[in-house]
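Here is the structure we will look at.
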Amino acid sequence: QVQLVESGGGLVQAGGSLKLSCAASGRTGKDYAMGWFRQAPGKEREFVAAVGRPLSLTLYADYVEGRFTISRVKAQNTVHLEMTNLKPEDTAVYYCAARQSWFPTKEIREYDYWGRGTQVTVSS
């Protein structure tokens, strides 16, 4: 089992920045790809970004448009999502997920473990 805990969410004005973190614990010795997803009220959960292991391959949703950067710190079993130039439409609960594979994917059903999420609210 792997436990994931997100942090770093909050309220920010449009154009601002936030850095989300996801700390993994438990059976982290295996190679896991890590991803971020988000879910806005009344909408389905959608892919944001993912990073593989050990080559740190990265994937991004098209709407990220270069505004978000995913990274991982192996020694700390932590994955970060740096978000810049935030827009009101980025408002959502952001979830961290882990997949028992080296390779990242955009497919939500391919992830095996999930955190409880952290709220990001962007005001206009």
Requested in this report: Look up atom CZ in Arg72 and atom CG in Leu81, then write down how far apart they are to the nearest 0.5 Å.
Outcome: 13.5 Å
Query raised in the report: When rounded to the nearest 0.5 angstrom, what distance separates OG1 in Thr105 from CG in Leu57?
Result: 12.5 Å
Query raised in the report: From Gln3 CD over to Ser25 OG, what is the distance, rounded to the nearest 0.5 angstrom?
Result: 4.5 Å
Requested in this report: Treat each ILVMFWY residue as a node, draw an edge where side-chain heavy atoms are under 4.5 Å apart, and state whether Ile108 and Tyr94 are in one component.
Outcome: no
Requested in this report: Verify, without hydrogens or angle tests, whether Glu6 (side chain) and Arg116 (backbone) share a donor-acceptor contact under 3.5 angstrom.
Outcome: yes
Query raised in the report: ring pair (Phe, Tyr, Trp, His ring centres under 6.0 Å) with Phe47: which residues, sequence neighbours excluded?
Result: Phe37
Requested in this report: I would like to know whether Arg99 and Tyr111 meet side-chain hydrogen bond (donor to acceptor under 3.5 Å, both in side chains); could you show each step before the answer?
Outcome: CA-CA 4 Å; Arg99 176 181 189 230; Tyr111 287 82; over 6 Å; no
Query raised in the report: Looking at residues at least two apart in the chain, or sitting in another chain, which of them share a side-chain contact (heavy atoms from CB on, under 4.5 Å) with Val64?
Result: Val48, Tyr60, Ala61, Phe68
Query - Atom pair CE (Met83) and CZ (Arg38), whose distance is rounded to the nearest 0.5 Å - result: 9.0 Å
Query raised in the report: Is it true that Met34 and Val93 fall in one hydrophobic cluster, defined by side-chain heavy atoms closer than 4.5 Å?
Result: no
Report summary line: On a heavy-atom basis, the closest approach of Val122 and Thr91 is N-OG1, 2.9 Å
Report task. Determine, stepwise, if the pair Gln100 / Tyr32 fulfils side chain to side chain contact (heavy atoms under 4.5 Å, CB included). Result -> CA-CA 5 Å; Gln100 295 185 40; Tyr32 292 95; 3.2 Å; yes
Report task. Check step by step if side chain to side chain contact (heavy atoms under 4.5 Å, CB included) holds for Tyr63 and Glu46. Result -> CA-CA 11 Å; Tyr63 62 79; Glu46 63 179 0; 3.6 Å; yes
Requested in this report: Would you check if Val79 and Ile70 make a side-chain contact, meaning some heavy-atom pair closer than 4.5 Å?
Outcome: yes
Query raised in the report: Apart from Val5 itself, which Ile, Leu, Val, Met, Phe, Trp or Tyr residues share its cluster (side-chain heavy atoms under 4.5 Å, direct or through members)?
Result: none
Query raised in the report: In Å and rounded to the nearest 0.5 Å, what is the CG to OH distance from Leu4 to Tyr95?
Result: 13.0 Å
Which donor-acceptor pairs under 3.5 Å do side chains of residues 8-21 form with protein atoms, sequence neighbours excluded?
unit_1: Ser21; atom_1: OG; unit_2: His80; atom_2: ND1; d: 2.9

Query raised in the report: Taking all atoms of both residues into account, what is the closest heavy-atom pair of Ala92 and Gln119, and its distance?
Result: O-NE2, 3.4 Å
Report task. Measure the spacing between SG of Cys96 and OH of Tyr113 and express it to the nearest 0.5 Å. Result -> 13.5 Å
Report task. Kindly give the heavy-atom pair with the smallest separation between Ala50 and Pro104, and that separation in Å. Result -> CB-CB, 3.6 Å
Query - Residue list, side-chain contact (heavy atoms from CB on, under 4.5 Å) with Glu65, at least two apart or on another chain - result: Arg67, Lys87
Query raised in the report: What residues, two or more places apart in sequence or in another chain, satisfy salt bridge (charged side-chain N to carboxylate O under 4.0 Å, His left out) together with Glu89?
Result: none
